[in-house]
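Residue numbering restarts at 1 for every chain, and letters A, B, ... go by the order of the sequence lines.
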There are 2 protein chains.
Amino acid sequence: MGGARKLTVDLGERSYPIYIGEGLLDEAGVRLAEHGISKKSPLLIVTDNRVAERHLGRLEALLRESGFTVASAVIPSGEASKSLSRLEELVGAALERGLDRKSAVVALGGGVVGDLAGFVAASYMRGIKFVQIPTTILAHDSSVGGKVAVNHPLAKNIIGAFHQPELVLYDLDTLQTLPEREVKAGLSEVVKHGLIWDAEFVAWCDANAEKLLALDPEALGYALYKGCSVKAAVVSKDERENDLRAILNLGHTIGHALEAVAGYGELLHGEAIAIGMVGAARLAVRLGAPEDVYRVTKRVLARVGLPVRLPSHLDTDAIMSAMMHDKKFQEGAITFIVPVAVGKVEINKSVSTALIREIVEELKQEAVEA
Amino acid sequence: MGGARKLTVDLGERSYPIYIGEGLLDEAGVRLAEHGISKKSPLLIVTDNRVAERHLGRLEALLRESGFTVASAVIPSGEASKSLSRLEELVGAALERGLDRKSAVVALGGGVVGDLAGFVAASYMRGIKFVQIPTTILAHDSSVGGKVAVNHPLAKNIIGAFHQPELVLYDLDTLQTLPEREVKAGLSEVVKHGLIWDAEFVAWCDANAEKLLALDPEALGYALYKGCSVKAAVVSKDERENDLRAILNLGHTIGHALEAVAGYGELLHGEAIAIGMVGAARLAVRLGAPEDVYRVTKRVLARVGLPVRLPSHLDTDAIMSAMMHDKKFQEGAITFIVPVAVGKVEINKSVSTALIREIVEELKQEAVEA
Ligand SMILES: NC(=O)c1ccc[n+]([C@@H]2O[C@H](COP(=O)([O-])OP(=O)(O)OC[C@H]3O[C@@H](n4cnc5c(N)ncnc54)[C@H](O)[C@@H]3O)[C@@H](O)[C@H]2O)c1
Ligand SMILES: NC(=O)c1ccc[n+]([C@@H]2O[C@H](COP(=O)([O-])OP(=O)(O)OC[C@H]3O[C@@H](n4cnc5c(N)ncnc54)[C@H](O)[C@@H]3O)[C@@H](O)[C@H]2O)c1
Ligand SMILES: [Zn+2]
Ligand SMILES: [Zn+2]
């Protein structure tokens with residue numbers, strides 16, 4: 001496996017390691033055992049149909065070879081699987097396969113699988129162990145912080161828990177099968193972690209964009225390591241999401257509104273927040289940040305293949321009203337994360353809606369370089 | 001309100017008070033505010049249709065008078081309401097009424113309402129505040145320990161969390177409307193708390209059985225206070241249910257099997273575990289405990305109107321197999337809680353199934369005094 005990177009998410013008693021490298025699946029048995037996953041109690045691997053096709057058989061075989069009792073449950077790929085009815089189905093599978101208090105749930109997949117399987121682990125018998133094996137770039141984000149959840153017909157991620165994994169195994173080989181559009185969308189959150197915390201890393205992303213898009217293992221491993229490190233630094237300081245953790249929402253105020261208005265499918269989450277980050281950078285400059293913030297943000301996102309212009313057919317009123325709706329959940333004020341420099345943001349709780357509307361309009365005119 | 005009793009469940013940061021007395025509903029507004037429940041964010045009261053009829057209007061009015069924004073959701077009375085679909089419905093209600101991270105869920109009702117509403121509070125936005133206003137005697141048990149859950153078609157209480165309330169308000173007046181059979185069933189767990197921990201309290205229950213059955217406020221208040229105290233002492237030492245907490249299962253190994261075999265309705269939970277406790281006492285004597293243990297256990301349970309004989313139409317094989325099924329969840333061994341004296345039990349992990357079968361047969365012959 002060469003040089004696997006290891007990172008510790010520092011949460012006191014609930015601290016856990018993230019391993020990032022090539023060939024890590026081959027060592028899954030050893031790593032799980034090392035981190036206290038029991039061979040006496042059955043494991044449940046949760047994955048989706050696309051990931052199952054490519055990687056499930058191998059993981060099952062490797063874990064069985066290592067002496068684990070392994071059951072698997074395959075859900076349909078896509079956000080719609082993050083539902084209470086899938087939760088009920090997976091708990092049924094866990095019961096039928098005899099999972100007990102010492103069992104673990106292993107999530108093999110992207111953020112959808114991770115969030116759903118994580119909530120199964122959090123709630124089955126009021127909490128059993130959880131292991132993440134992320135197979136998307138975007139899932140570097142969900143592999144840190146312990147947020148697990150399912151959706152309600154009226155709101156995303158509204159039913160959930162904080163449940164930290166025992167360990168995270170990020171095998172870069174599994175990422176090789178990821179569709180190109182998902183690669184780019186995942187890089188959006190990687191870049192975000194640079195923009196909120198680490199100017200040098202932003203410059204590195206800019207310089208290494210081609211390697212990242214080509215899934216070069218050394219570049220990819222480094223980028224995921226840095227992305228996870230920034231998120232880990234933020235959540236270690238603020239596990240329960242009070243203040244600091246809000247900075248992780250850079251680009252998300254506009255981004256979520258775009259996802260809601262465009263409807264699932266047109267814009268991936270990473271694409272929507274790329275546009276949102278350009279918007280936040282524009283806002284920043286209006287509020288007095290150096291021009292640089294806008295130029296660099298837009299450039300690095302474009303370099304990794306992300307959209308920076310807001311699709312002009314999306315209705316501005318609808319976008320504004322989606323933002324107002326989100327607001328409801330935060331007692332009256334829209335919280336906007338605004339850069340003050342590249343690699344540094346602040347929380348602004350009093351941005352006027354008129355100004356945001358102007359930014360949305362400008363984003364529809366955003367020039368796109370050849 | 002005269003002499004309200006106060007008890008603190010000692011769980012470090014998550015410690016909380018239980019108030020027990022008459023007229024406590026009148027002070028609900030003051031108490032909630034005192035314990036950090038916000039008036040700026042809406043509350044959701046969850047209750048069932050029977051309790052709603054008798055007590056909801058008053059609680060709503062009193063909380064509104066105190067300046068709270070109050071919404072209510074009424075579920076159908078009965079165990080079937082502890083389901084994921086009710087959870088989804090209640091989360092929908094919470095969203096529609098604008099509950100945010102600073103809101104609280106208030107459970108007004110018995111254990112069913114408490115468990116379901118508690119899991120809503122545990123999972124809505126990954127956890128908001130929770131207040132319990134228990135209206136059954138049995139709910140003294142669920143008001144200590146923080147266990148909240150819903151059922152799965154294949155198993156009871158299998159999807160849940162540990163989520164401690166901010167406070168518990170036990171208004172003895174609300175208990176006056178409780179049906180007699182529910183009163184007796186609730187006293188079963190009260191007696192259980194004596195049998196596992198406090199011989200003097202067992203003697204007190206024996207001497208005060210009539211007062212308890214008549215819902216005499218002074219006697220009832222004391223009994224609930226003692227019951228909660230014993231449970232609090234046990235869970236404070238073992239919040240996450242590893243070892244000591246198992247002693248709370250006195251009577252439950254046989255009791256659960258009886259509930260499963262009899263089907264819902266024939267035996268209430270408290271009735272089933274009363275028979276189970278007589279069984280455990282018989283077992284104890286077989287294993288060398290003084291005869292006394294059996295005599296006192298049976299006598300006090302009969303005094304508070306509980307069944308002590310196992311209905312002979314329930315099939316012994318079916319009961320045994322239900323017990324074996326439960327076993328699956330504990331890695332191979334049936335755990336039996338066995339008295340060693342009145343007020344003292346031990347955990348026995350190696351009781352032979354042959355011996356248990358004999359006890360079950362004996363329980364069918366149990367003499368019932370006039
Ligand atoms: N918990 C958190 O902190 C957190 C953070 C960010 C996002 N999320 C959640 O994550 C989800 C999005 O994550 P995602 O983008 O990974 O979504 P995803 O799990 O749906 O994966 C995206 C697509 O890629 C496919 N796929 C995954 N791995 C593959 C592989 N190796 N090869 C081929 N195809 C593969 C999937 O089947 C799916 O079609 C959202 O539900 C979001 O709410 C959670
Ligand atoms: N969380 C825990 O630690 C814990 C412990 C013990 C039991 N439980 C759970 O508690 C439940 C049983 O509790 P329960 O016996 O209170 O059940 P319950 O809530 O169903 O109440 C019993 C009946 O009494 C009615 N009722 C309640 N209060 C009333 C009042 N004041 N006046 C008139 N009618 C009233 C209810 O509508 C119901 O029909 C089970 O689901 C069990 O799993 C949980
Ligand atoms: Zn995001
Ligand atoms: Zn019980």
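The ring-ring contact (aromatic ring centres under 6.0 Å, His included) test applied to B:His163 returns no partner, not counting sequence neighbours. Evaluation of the ring-ring contact (aromatic ring centres under 6.0 Å, His included) rule for A:His152 yields no partner, not counting sequence neighbours. Remark: A:Glu346 pairs with no residue by the salt bridge (Lys or Arg N to Asp or Glu O under 4.0 Å) rule, at least two apart or across chains.
Interface summary for chain A: among B:Asn157, B:Leu87, B:Val148, the most heavy-atom pairs under 4.5 angstrom belong to B:Val148.
Scanning residues 110-123 of chain A against chain B with a 4.5 Å heavy-atom cutoff picks out A:Phe119, A:Ala122, A:Ser123, ordered by number.
By the 4.5 Å heavy-atom criterion applied to side chains, B:Pro153 and A:Glu88 are counted as neighbours.
Side-chain atoms of B:Arg126 do not come within 3.5 Å of backbone N or O of A:Ile158 as any donor-acceptor pair.
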